[in-house]
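In what follows, a structure is listed as structure tokens, so that the remarks can point back to it.
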Amino acid sequence: MVKRGRRLYWTLFAVVGIASRALAANFPITAEQVSAATVRSGLHATAAQITLPGSIVSTTKTPVLRVESIRRMADHSMAVRMECGHASECLPFYVKIQLDENGEKAAVPNSMGQPHLVETEPRFSQRAPLIRAGEQVTLELDGEHVRICVPVISIENGRLGEKIRVRGATNHQIYRAEVTDPATLKGRF
């Protein structure tokens with residue numbers, strides 16, 4: 001009986017130790033880190049201008065972030081797709097960058113790599129999809145007293161306000177949800 005108790009104790013001790021190391025391997029990505037990555041790419045955004053979509057984590061304390069793409073939005077902001085330097089550090093994610101106080105101009109890189117001010121009227125076609133098939137996005141499911149955020153992969157292209165099919169990234173369940181921005185869909189359950 002004593003041996004069984006000791007074995008159980010050491011098994012639990014090992015499991016707790018492994019679990020604590022696994023939890024410690026997730027480091028939050030901050031607006032300051034995203035700001036530094038935007039400055040390196042020539043898109044000068046302060047941490048105060050950056051809105052993260054939720055809790056974004058990395059497997060390293062200081063991931064090397066880079067700007068993958070920029071989309072101008074109708075609400076005088078930009079959706080910026082960010083990636084880690086190594087795919088094992090984090091999944092790609094979007095951040096929202098609010099433009100200057102007037103909502104009219106933002107510093108973006110020119111052909112020489114130097115920032116310059118440009119008008120931010122949306123130049124993309126209203127027919128261009130915000131979400132493309134195969135992209136990983138977040139599905140926000142709203143219930144009567146609960147909201148659940150689920151990572152999903154888009155099955156179809158989708159424009160703002162359009163309902164598209166997506167597949168759960170882990171459980172492969174199919175959902176139908178409305179496109180609300182380049183990184184988020186809304187649904188009900």
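Index from 1, following the sequence.
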In chain order, what residues pass the side chain to side chain contact (heavy atoms under 4.5 Å, CB included) check against [X], with sequence neighbours excluded?
| X | answer |
| --- | --- |
| Thr46 | Ala48, Gln49 |
| Ile164 | Ile131, Ser154, Glu156, Glu162, Val166, Val179, Leu185 |
| Val64 | none |
| Glu178 | Lys163 |

Residues that [X] engages under side-chain hydrogen bond (donor to acceptor under 3.5 Å, both in side chains), provided they are two or more places apart:
| X | result |
| --- | --- |
| Ser77 | Asp75 |
| His145 | none |
| Thr60 | Ser58, Glu89 |

Sort and list the pairs that fulfil salt bridge (Lys or Arg N to Asp or Glu O under 4.0 Å) and have at least one residue in residues 37-59, not counting sequence neighbours.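 Of all non-adjacent pairs touching residues 37-59, none passes salt bridge (Lys or Arg N to Asp or Glu O under 4.0 Å).
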
May I have all residue pairs that pass salt bridge (Lys or Arg N to Asp or Glu O under 4.0 Å) and include part of residues 138-154, sequence neighbours excluded?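 Found Glu140-Lys186, Asp142-Arg147.
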
Is there a continuous path of hydrophobic side-chain contacts, each under 4.5 Å between heavy atoms, that joins [X] to [Y]?
| X | Y | result |
| --- | --- | --- |
| Val137 | Ile153 | no |
| Val67 | Met78 | yes |
| Val152 | Leu130 | yes |

Which residue pairs pass the disulfide bond (SG atoms under 2.5 Å apart) test with at least one member in residues 47-85, sequence neighbours excluded? Cys84-Cys90

If you group Ile, Leu, Val, Met, Phe, Trp and Tyr whenever their side-chain heavy atoms sit less than 4.5 Å apart, what else falls in with Ile174? Ile155

Would you please name every residue forming a salt bridge (charged side-chain N to carboxylate O under 4.0 Å, His left out) with Arg188, sequence neighbours left out? none

